[in-house]
There are 2 protein chains.
Amino acid sequence: MKSLADRIEEYLRYLIERSESKTLQMQRTELAETFGCVPSQITYVLSTRFTIEEGFITESRRGGKGYIRIRQIDSSPDRINRGYNQREALAIIENLWREGFLDEGEAELLKCLLNRHVLGLTDHERHLLRGRMLRAVYDLLGDNKG
Amino acid sequence: MKSLADRIEEYLRYLIERSESKTLQMQRTELAETFGCVPSQITYVLSTRFTIEEGFITESRRGGKGYIRIRQIDSSPDRINRGYNQREALAIIENLWREGFLDEGEAELLKCLLNRHVLGLTDHERHLLRGRMLRAVYDLLGDNKG
DNA sequence: TTTCTTTTGACTATTTTTAACCTATCGTTA
DNA sequence: TAACGATAGGTTAAAAATAGTCAAAAGAAA
């Protein structure tokens with residue numbers, strides 16, 4: 001049995017998927033009425049299920065003719081990065097390890113995952129992928145410090 | 001004479017075997033009631049009998065309409081070649097962490113790298129890539145033990 | 001007896017649901 | 001244009017509904 005939040009999510013995803021522009025705009029109160037729940041339940045669903053991490057951005061406006069809007073984004077901001085070949089990537093990991101940002105287990109793990117045979121793909125795609133992976137590692141390291 | 005834990009295991013295995021998707025989802029409390037035991041007994045069975053070494057991954061959610069889910073994974077080359085979606089991959093990492101094969105830093109690293117936005121690519125390619133990455137992780141863990 | 005596994009239950013953590021109160025925007029009227 | 005009321009959405013805290021953890025007690029095996 002699905003929770004109410006799950007069912008609302010499913011419904012919204014369906015509507016977005018179905019729309020040409022991958023965008024959905026509606027009134028919070030109306031949607032709440034459709035599901036027979038309080039409006040803040042809708043806010044809850046948006047904030048737990050339609051996050052940037054899930055690939056959505058939400059906007060809203062209060063007052064008369066207010067609305068909530070959900071947009072599905074294709075998050076590829078660093079598509080333009082040139083990426084890294086295996087040697088470059090391993091060197092970066094080595095440095096992060098030597099400088100104490102990664103412990104030995106983490107460094108080993110990364111070196112094994114950045115391997116060309118593990119990643120597969122075409123040369124170009126693989127390089128870009130390494131760029132995204134390293135970016136994610138930097139972000140993670142940044143999080144832990146900040 | 002079979003222990004209660006054995007009987008619960010047997011019952012769950014039967015249900016999983018019988019299901020098309022080799023997956024079972026139910027409420028911990030309900031199952032406990034079926035067997036007339038405390039809910040933590042169910043947790044005990046899952047953590048001792050439905051481990052990654054036994055070929056299962058478990059997931060759960062607390063709160064309203066919470067559940068426990070058991071999935072039988074087939075870690076044959078074939079299966080790994082079919083790939084994993086983000087949810088499956090994260091559950092595998094969680095299990096490896098809970099069972100002590102990965103420390104917290106390694107698990108965090110992996111969870112962040114297995115993210116769909118980091119990996120990019122098409123759905124299919126991304127699933128396959130996760131399969132190769134997880135295989136590499138298994139190989140690495142195997143090396144360390146052997 | 002000693003040690004390992006199972007069983008229990010009290011306490012904790014997480015997720016969802018609800019409700020009361022807060023704030024922004026629009027349209028109208030003084 | 002300033003002020004006000006109506007109409008939205010936002011925030012937050014508490015209640016409800018689950019599952020997890022941990023360690024002590026009980027039982028089984030060695």
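Chain letters run A, B, ... following the sequence lines, proteins first and then strands; every chain starts at 1.
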(request) State the CD-CZ distance between Glu88(B) and Arg130(B), to the nearest 0.5 angstrom. (result) 9.0 Å
(request) Calculate the interatomic distance between Arg7(B) atom CZ and dT6(C) atom C1'; express it in whole Å. (result) 12 Å
(request) Taking only the side-chain heavy atoms of Val38(B) (C-beta and beyond), determine which of dT8(C), dT18(C), dT17(C) contains the nearest atom. (result) dT8(C)
(request) Return the angle between end axes of the helix from dT1(C)-dA30(D) to dA30(C)-dT1(D), with five pairs used per end and rounding to 10°. (result) 20°
(request) Scan nucleotides 15-30 of chain D nucleotide by nucleotide, 5' to 3', and note B when protein non-hydrogen atoms come under 4.0 Å of the base, S if they reach only the sugar-phosphate, - if neither. (result) --BBBBB---------
(request) Could you tell me whether Arg49(B) and Glu54(B) make a salt bridge, using a distance below 4.0 angstrom between a side-chain N and a carboxylate O? (result) no
(message) Under 4.5 Å side-chain heavy-atom separation, chaining through any Ile, Leu, Val, Met, Phe, Trp or Tyr, what else clusters with Trp97(B)? Say none if it is isolated.
(response) none
(message) From CD1 of Ile70(A) over to P of dG9(D), roughly how many Å is that when rounded to an integer?
(response) 12 Å
(message) Nearest whole Å is fine: how far is dT8(C) C1' from Ile8(B) CD1?
(response) 13 Å
(message) Rounded to whole Å, please give me the gap between CD in Glu9(A) and P in dT17(C).
(response) 12 Å
(message) Going by the rule ring-ring contact (aromatic ring centres under 6.0 Å, His included), which residues pair with Tyr11(B) if we only count those two or more places apart in sequence or in a different chain?
(response) Phe35(B)
(request) Map Ser3(A) and Val45(B) onto DNA chain C by nearest heavy atom, then report which one ends up closer to the 5' terminus. (result) Val45(B)
(message) Is it true that Thr43(A) and Arg28(A) share a donor-acceptor pair across their side chains at a distance under 3.5 Å?
(response) yes
(message) By the 4.0 Å heavy-atom rule, please label Ile42(B) as base, sugar-phosphate, or nothing.
(response) nothing
(message) What is the separation between atom OH on Tyr44(A) and atom C1' on dA13(D), rounded to the nearest whole Å?
(response) 15 Å
(message) Filter on salt bridge (charged side-chain N to carboxylate O under 4.0 Å, His left out), then keep only pairs touching residues 119-129 of chain B, sequence neighbours left out; what's left?
(response) Asp123(B)-Arg126(B)
(request) Identify, with sequence neighbours excluded, every residue that meets salt bridge (Lys or Arg N to Asp or Glu O under 4.0 Å) alongside Glu104(B). (result) none
(message) Could you check whether any side-chain heavy atom of Arg69(A) comes within less than 4.5 Å of a side-chain heavy atom of Met26(A), counting everything from C-beta outward?
(response) no
(message) Need one value for Arg69(B): base, sugar-phosphate or nothing, where a base atom within 4.0 Å counts as base even if backbone is also close, heavy atoms only.
(response) nothing
(message) Tell me whether the count of non-hydrogen atoms from other residues, nucleotides or ligands lying under 6.0 Å of CZ in Arg116(A) goes above 12.
(response) no
(message) Without decimals, in angstroms, what is the distance between Gln25(A) CD and dA8(D) P?
(response) 13 Å
